[in-house]
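Accompanying notes for the structure given below.
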There are 2 protein chains.
Amino acid sequence: MSTKAGILQQLRSEILTLELKPGSILSETVLSERFKISRTPLRDVLKQLAHEGYIDVYPKRGNLVSYIDLESVEQIIYLRSILEKDIIKNLAAQNVSLPLRGILELREILNKQAEAIRQDHAHEAFLFWDDAFHKALFALAGRVLLWDLIQQSNAHYARYRRLHLLKKEKLEEILDEHRLILECIVNRDAERIDDLVRHHLHEDINAAYLLENFAEYLNLPRLEARESDGASAAHGRKARGEAEADG
Amino acid sequence: MSTKAGILQQLRSEILTLELKPGSILSETVLSERFKISRTPLRDVLKQLAHEGYIDVYPKRGNLVSYIDLESVEQIIYLRSILEKDIIKNLAAQNVSLPLRGILELREILNKQAEAIRQDHAHEAFLFWDDAFHKALFALAGRVLLWDLIQQSNAHYARYRRLHLLKKEKLEEILDEHRLILECIVNRDAERIDDLVRHHLHEDINAAYLLENFAEYLNLPRLEARESDGASAAHGRKARGEAEADG
DNA sequence: AATTCAAATCTTGTATACAAGAACAAGTTC
DNA sequence: GAACTTGTTCTTGTATACAAGATTTGAATT
């Protein structure tokens, strides 16, 4: 698809799934040839990607797919924890009855998510319905705007999750926690929400695991150049200055 | 200043201070003549403004300064309440001593804010130091990233506050509340934070006041056209479709 | 062989011409 | 007079040529 929205979606997807690895160069001219479109609209797409943290722009030098920034991940997890604790507690504590339609919608989403587990290599589908579940909670609380705001800074967290899911099959665990959350809402049991949400979102911010297995994807504090190091993790990395901010 | 950053800052400022009123047209060609720069970099600026909610883009029709959206205002107030309650409580409850430097910095900011009150027509200065106070709290808690994220959706809230400050001289009240908050932090008094922050941020979401006095700046649900209405509030308003989203 | 310096070649940034949708106005038709 | 048509003139969207910084290349020099 050669429309701007299509290209944006395509590139986002490739970056999230790590087809485009952190550090990859996204040259305007190369992309314009690939998508058969001129540089002008393509620059709009790159601007948007930069804004969402998918790429870092180095003026007059080039655009690199951003390295996963664990700091950003932690900030987003914190933000979502705080927010979702409150949102879900409100849904659970509500005196007026939660619309039945909402409950049914959530159940349907969890069914789809369970279905995704049964298929192999359906991580993307699983994550899609995972997002759908959380977004539906925001929606029921009338907070879609905040969900959308968070999504604008989701590039690092989304990739972190994908790497994390590879670790062990915690898909079942995540789904179970979703079921627990829904149960609490239905049963008006606001007490357990805090711990549930905290555990659910924080997973185990297992920096160690990522560092060991995916160091080449991470945005690490500048490591001093060790000489004669043949480790593959350090390969292909270049010194990077800081990207320009947008504000 | 004819640099992109300068133009962006300039337009932002003019929109926030209502020099550019909601509904005003920002034509690319007109702006390019005004700033003596070509349309290309100017479009980048407009894109950014659109992203931050300062303008609404109607494809192939034009760019309008956005009307203040009370829904957005409420969402941001909610978000900030939730966040700042937790952030400030953590600062107040901290076992490890809060860096003295932080306390001093906050005190200094409040001094500047008090100074701004003493001068007349110093609303902008007052608001500048008001933001500085809250941002400093985020910074002390290590949450600047989240502050910046919120700022990206600040166009409506910021203008709402400006209109609100005109109502009565609540400047003193705001400053007093800041002092109370700082006191709580210094005295490790986390108990009162919740109520303090809620009251401080919610002010009184006085939609009624804004509706009566500044209806022409607000993004209202489509009102049926009343005939033969000479009220100035309805003047110059045009039917507006919805602007395109960015995602 | 290592260093220096300049030119070639990358990259993005800017200006501008042209394309095309949207709104408006005037004239035509009924 | 009302509805339709058409042409003009707005607007932004796109393509492309050119400008200018950053990097690399490679030859000349020491």
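Side chains included, hydrogens not; waters and symmetry mates left out as well; all remaining heavy atoms used.
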Residues B/E14 and B/K21 bridged, charged N to O under 4.0 Å: no
Distance in angstrom units between A/L42 CG and D/dA15 C1', rounded: 12 Å
Sugar-phosphate only, base, or nothing, as touched by A/K4 at under 4.0 Å among non-hydrogen atoms: sugar-phosphate
Flag for A/Y78-B/D86: side-chain donor and acceptor within less than 3.5 Å: yes
Among A/R161, A/R162, A/K135, the one residue meeting salt bridge (Lys or Arg N to Asp or Glu O under 4.0 Å) with A/D130: A/R161
Ring geometry between A/Y209 and A/F214 (parallel below 30°, tilted from 30 to 60°, perpendicular above 60°): perpendicular
Whole-Å distance separating the CG atom of B/L31 from the P atom of C/dT14: 16 Å
Ring-ring centroid check B/Y160 B/H164, cutoff 6.0 Å: yes
With A/E28, the salt bridge (Lys or Arg N to Asp or Glu O under 4.0 Å) member among A/R34, A/R39, A/K47: A/R39
Between the first and last five pairs of the helix from C/dA1-D/dT30 to C/dC30-D/dG1, the angle of the axes, rounded to 10 degrees: 20°
Any side-chain donor near an acceptor of the partner, B/N154 and B/E52, under 3.5 Å: no
Nearest-Å distance for atom pair CZ/C1', residues A/F35 and D/dA15: 18 Å
Reported CZ-to-CD1 distance for the pair B/R159 and B/I68, which is rounded to 0.5 angstrom: 5.0 Å
Restricting both atoms to N or O, compile the protein contacts to nucleotides 10-12 of chain D shorter than 3.5 Å, with distance only.
{"from": "D/dT12", "atom 1": "OP1", "to": "B/E28", "atom 2": "N", "distance (Å)": "3.4"}
{"from": "D/dT12", "atom 1": "OP1", "to": "B/N63", "atom 2": "ND2", "distance (Å)": "3.1"}
{"from": "D/dT12", "atom 1": "OP2", "to": "B/E28", "atom 2": "N", "distance (Å)": "3.4"}

Interatomic distance, B/Q48 CD vs C/dG13 C1' [rounded to whole Å]: 17 Å
Distance in angstrom units between B/K47 NZ and D/dT14 C1', rounded: 12 Å
C/dA15 phosphate, OP1 or OP2, under 4.0 Å from B/S38 side-chain N/O: yes
